[in-house]
Novice: 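Sharing a structure with you now.
This is a predicted model, so every value here is computed, not measured. Just the heavy atoms: all of them, side chains too, but no hydrogens, waters or symmetry mates, feed the values below. Proteins come first, then strands; the chains are lettered A, B, ... in the order of their sequence lines, and each starts at number 1.
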Protein chains: 2
Amino acid sequence: MSRRQSRGTARERLAHQLRSLRAARSLSQEALADLAELHRTYVGSIERCERNVSLDNVERLAAALGVDIQDLLSPL
Amino acid sequence: MSRRQSRGTARERLAHQLRSLRAARSLSQEALADLAELHRTYVGSIERCERNVSLDNVERLAAALGVDIQDLLSPL
DNA sequence: GTGTGACTTCTAGTCCGTA
DNA sequence: ATACGGACTAGAAGTCACA
């Protein structure tokens, strides 16, 4: 029924894709944090949907996972 | 040669798509700002690539333009 | 290895001007 | 209608101690 568009908020999408892609690579939050040069707890809080992340950091996470920025914002 | 991925930084992509989609709708920066409930000068600075926008605001801009978040981050 | 609250520093985002 | 600057406030970035 043409649900406009918006399968999940940006935060939810990022959180989900992050978890999913990270798991697919068998990385711990800590390991991913290192790759992205971010803090362990920060990455955790993103996955818990608690943060309103800025583009620059989304970009770093994408780079760390070897995917495009858009991939981190794929609809649920 | 498999240029990993990254046709433009996230900022550049957003700036470009914003300008492009906004123009396609014949909206002024001001009008778009109103729709997205953001400030006039802020929208301008985003289009000039000067800002590291947060996801929530990317989302508001996407909603204002009636597109998905991913569309605002399409590769150049 | 991860969740959470509290905290400080820094910048995102607003609002005023002027061009 | 847009660019750009300065001054300001809200909120993101980033860290830590403890569960």
Side-chain angles (χ1 to χ4, degrees), chain A residues 6 8-76, chain B residues 6 8-76:
Chain A
S6 113
T9 65
R11 287 192 197 200
E12 289 168 346
R13 292 184 183 192
L14 177 62
H16 183 265
Q17 295 301 329
L18 217 53
R19 275 223 143 92
S20 164
L21 291 168
R22 184 170 65 76
R25 288 160 178 70
S26 307
L27 290 171
S28 64
Q29 290 181 349
E30 203 166 8
L32 174 58
D34 284 348
L35 286 173
E37 294 184 287
L38 293 172
H39 208 267
R40 203 205 88 209
T41 60
Y42 185 57
V43 172
S45 63
I46 294 174
E47 290 191 353
R48 262 172 278 124
C49 248
E50 296 172 359
R51 303 274 188 161
N52 181 21
V53 188
S54 71
L55 276 188
D56 284 6
N57 278 341
V58 177
E59 203 161 32
R60 296 171 84 171
L61 289 166
L65 289 166
V67 300
D68 191 83
I69 314 163
Q70 286 188 312
D71 297 330
L72 289 184
L73 297 171
S74 302
L76 310 180
Chain B
S6 113
T9 65
R11 288 191 195 201
E12 288 168 347
R13 292 185 182 191
L14 177 62
H16 183 265
Q17 295 301 330
L18 216 54
R19 275 222 143 94
S20 164
L21 292 168
R22 182 171 66 77
R25 288 158 179 71
S26 305
L27 291 171
S28 65
Q29 291 180 348
E30 200 166 9
L32 174 58
D34 284 348
L35 286 173
E37 294 184 285
L38 291 172
H39 212 267
R40 208 199 80 216
T41 59
Y42 186 55
V43 172
S45 64
I46 294 174
E47 291 190 352
R48 263 174 276 125
C49 245
E50 296 172 0
R51 300 284 186 158
N52 180 25
V53 189
S54 70
L55 274 188
D56 284 5
N57 280 340
V58 176
E59 201 161 35
R60 296 171 85 171
L61 289 166
L65 290 167
V67 299
D68 191 83
I69 315 163
Q70 287 188 311
D71 297 331
L72 289 184
L73 297 171
S74 302
L76 310 178

Novice: Please determine whether a side-chain nitrogen of the Lys or Arg among A:Glu50 and A:Arg11 lies less than 4.0 Å from a carboxylate oxygen of the Asp or Glu.
Specialist: no

Novice: Just verifying a value: how many Å separate B:Leu14 CG and B:Thr9 OG1, rounded to the nearest 0.5 Å?
Specialist: 9.5 Å

Novice: Using whole Å, what does the distance between atom C1' of nucleotide D:dA1 and atom CG of B:Asp34 come to?
Specialist: 13 Å

Novice: Going by an N to O cut-off under 4.0 Å, is there a salt bridge joining A:Asp68 and B:Arg13?
Specialist: yes

Novice: Return no unless some side-chain N or O of B:Arg22 is found under 4.0 Å from OP1 or OP2 of D:dA1.
Specialist: no

Novice: Please give me every residue in residues 37-57 of chain A whose heavy atoms get under 4.0 Å of an atom in DNA chain D, ordered by residue number.
Specialist: A:Leu38, A:His39, A:Thr41, A:Tyr42, A:Arg51, A:Asn52, A:Val53, A:Ser54, A:Asn57

Novice: Counting C-beta onward and ignoring hydrogens, is there a side-chain heavy-atom pair between A:Leu65 and A:Leu18 closer than 4.5 Å?
Specialist: yes

Novice: Does this structure show an ion pair linking B:Arg19 with B:Glu47, if we count only N-O contacts that are shorter than 4.0 Å?
Specialist: yes

